Structure formats: structure tokens, C-alpha cells
Amino acid sequence: MNGFTTRAIHGGGRRDAHGSLRVPVYDSVAFEHENSSSLRDAFMGRKPAHIYSRITNPTVQDFEARIQALTGALSVLAVSSGMAAISNTLIALGGAGKNIVTSRYLFGNTLSLFEKTFAAWGLEARYVSMLNPEELAQAIDDETCAVFLESITNPQLEVANCQSLSAVIRERGVPLIVDNTLMTPYLFNCAGAGVDIEIISSTKYISGGATSVGGLVIDHGSFDWSRAAKFRGRAAKFGKMAFIAALRQEVYRDTGACLSPHNAYLQSLGLETMALRIDKSCQNAQYLAEFIAKRPEVTEVNYPGLTDSPSRPTASRQFNHKYGGVLTFDLNSIEECFSFMDALRVVRRATNINDNKSLILHPASTIFAEYSDEEKKRMAIRPTMLRLSAGIEDYEDLIIDLQKGFASL
Ligand SMILES: *Cc1c(COP(=O)(O)O)cnc(C)c1O
């Protein structure tokens, strides 16, 4: 099989009428059919054909085909954002009276989705430590519709051993859903670790430098959908495709979670250079973490690539000896955090990660501002913590910039 970047560049890509080497942006809402029976067959799903761009679109479909070629997945659905990927997946799986077993260490908006939006519809979230398989096993009951976790949590940078969790979960007939945004399929082979559904915010590394918002639902084909009551009917009809069918024929279509063709184009472009950018970003993050760890102003630094990080052994095995582009460090006070951030000239103050640009943020006063001090504590969001996402700039310039931050304290 070809290597990762070869597949990223040459995967998908059916020729159009002009032999265009890049799949064009099909900025069209509807697609005309020769006659009424063709339109009927397309609507009935009797033949693959585009009818309306909220349902399928050629540019979006090409992006999906590339991700499929890259991951070897059974099926891929591209959606409008990472949050759309998470919400669509869990709406398809769950319902009132059901529960999701997860960790408190979650992306802020995911936590809000669970605690506010889903709670109001009677879908419960149960929080356990993903470092403790026994606690996880105990939390699962007959109403559990999914176990959901992040391959590396943002911003705590905790790394659970997915392989060992998956053994526990599979026994109980529950699918394992992993948000693999920070690692991407380049660093973490989800299928090999027993992950059933992989979720990606393609807004991050895939978009090629924060060009556009998007998300992906990747079904690795490992879950037997006839084991989940909600999918029994579809499993009899669609077999392994039951879950994606439920999304395409119902949740995704009816919630209007479609990715715009223009964004699919930008993300296909970003995908081609993703591995090169991730290598550079991980290398920069490693250098920056080592530099920061030596500074006397810093009370704590967290990066799985540091030799004394508790996450390092699992991360090293699971992520192919790379540790991602995000790190955190603590200064003595909020005032010091703000002063440090304000002194930077190359690193940008913005709430995003895995951009080509290095980005810094104070999580407690931004993403997690809506939570009480007590809640922040349970999520390990310290008021003295800064999150730094390493871009692909020249490393020396980033160090000079961080020195300006330290000089401001
Ligand atoms: C950014 C992010 C999301 C949400 O993705 P959007 O594309 O912004 O909706 C979900 N999970 C993780 C881990 C993220 O970093």
C-alpha cells in the first residue's frame, strides 16, 4: 500500500469531464436528471447520484473518498464542523433515557453539548477516568449507547490506552467513539486500537492552516450494529453500513449538518500537505516544551513528549512516537499569564489549535469561562495555565518570542 502522503494526494479523485487534476468546487444546490424515473431512483437510493447539496455534493464526496483512502475506513461522512460530527454521531446513537460514558476532560463545547443540550433531551453523560478501565466498566449499563473520549484531551493532554479500553467496551456491546482531532489519522491509527467511530474536527490540522471549519465522522466498520437496539432494523437491511445509513438518511440530512463544497475543496487541499505540517508542528512543540521546562518562571509544563510526562509511554506507543502540537504551562498568576501573552509578537492570541501559526490562549478566562471555579477544578483547568499550539514557523523565531514573554514577567 502507498504511504500516507501519497494516499492523501492521490486518493479519491475521480476524473471529471475535463480531466481536471483537482476536483472543482461544485457550487450548485441541485442536480438535474434526464427524466423522472432517474430522479425517483436517485431519491430512493437505487442508484448513486447527486440530487441536492445538503445531502451529497461531488466536491464533498471527493473529500470523503480521500479520507476513506487514507484511513481504510468502511465509510466517511464529512460535516459542517467538529461539533456537528460529535452531535450527529451521538444523536444517531442515543436518545432519551440513554447514557454516554465519557471523561470530564473534554473540549469545552463538547462538555457543554453533553451537560446542557443533551441533558435537556434526557440523554445523560456519565463521567469516569479513562485511565481506569474498571471505573469505566462499572459505569456502563444496559442503557449506555456510547463511550466517548478524546485520543489526547484538550487541554489536559491526558492519553488513555484505547486498546485496553476497547476490550472492556466491546465485551459490553457498546461502540467506542474517539475524537481524534489533535492526533489525526496520521499520528493515531484508530482502527488498530479498536476504535469503532473516529471523529475529527477538520478545522484543525486538515484545513491546511485554519482556512475553514469542518468535521468528519469515520466509521471503521468494527462494530456489529445488530447489537444496538436502535440499529437492529437498519442492520438487517444495510449490515455494516447501518450507522452511516442512519446518519445519511436521517440525522445528518435532517439536521442540515452539511459541509459547504468550498470548504471541502480547501480541506482536500490541506489534507495533501498535512503530514509535512504535522511533523514540523510536533517538532516545534517538542523544542518549545523543552525550552519552557527549563525556565525558572514556569511552575509546571505539560507535553506528552517530555521524558518525565506520565502520558509519554502510552502516547509513544499509540501515536507512533510523536506527541502532537499542543502543550500547556503554568506561571505564578493570571496576571503573569496575561502579561506573557501580551508581550508576544510572533505567537498569536487566538482560540484555535493546529494552525500553521503558533497560537496561545488562557483557557480559564476564555473557552472555560462559562464554568464555575469548582467545575474548572474538576476539569483540571487551572487559572495559571496557558495553552500553546505550536505552528510551523522557524523554531528560533518562536524561542525569541517566548523569551519576550518571560522578560515581561
Ligand atoms: C476544535 C475541536 C472540536 C470542535 O470542532 P469545530 O470544528 O470547532 O466544531 C472538537 N473536539 C476537539 C478536540 C477540538 O479541538
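When a ligand or atom number is given, it counts from 1 through the structure's own listing order. Note that the structure is a prediction, hence the values are computed from the model and not measured.
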At what distance is the nearest protein heavy atom to [atom], and which residue and atom is it?
atom	value
atom 1 (C) of ligand 1	K204 NZ, 1.4 Å
atom 11 (N) of ligand 1	D179 OD2, 2.6 Å
atom 6 (P) of ligand 1	G82 N, 3.4 Å

Record the part of L182 in heavy-atom contact with ligand 1 below 4.0 Å; permitted values are side chain, backbone, both and neither.
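Side chain only.
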
I'd like to know if the side chain of S207 reaches the main chain of T203, judged simply by a donor and an acceptor atom lying under 3.5 Å from each other, with no hydrogens or angles considered.
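At least one qualifying donor-acceptor pair exists.
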
Scan side-chain atoms only and decide if Q138 and E134 contain a donor-acceptor pair under the 3.5 Å cut-off.
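No pair is found: no donor N or O on one side chain lies under 3.5 Å from an acceptor on the other.
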
Does any N or O atom in M83 lie less than 3.5 angstrom from one in ligand 1, N or O only?
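N/O-N/O distance under 3.5 Å: yes.
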
Any N/O of E150 closer than 3.5 Å to an N/O of ligand 1?
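Not met; the criterion fails.
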
Min heavy-atom dist G214 to ligand 1 below 4.0 Å:
yes

Is the Y371 ring parallel, tilted or perpendicular to the F368 ring (thresholds 30°, 60°)?
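Correct class here is tilted.
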
Students often mix this up, so state it plainly: with edges at 30° and 60°, are the rings of F231 and F243 parallel, tilted or perpendicular?
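Geometry flag for F243 against F231: tilted rings.
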
Would a line drawn from the ring center of Y205 to the ring center of Y186 be shorter than 6.0 Å?
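When the ring centroids of Y205 and Y186 are compared, they turn out to be at least 6.0 Å apart.
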
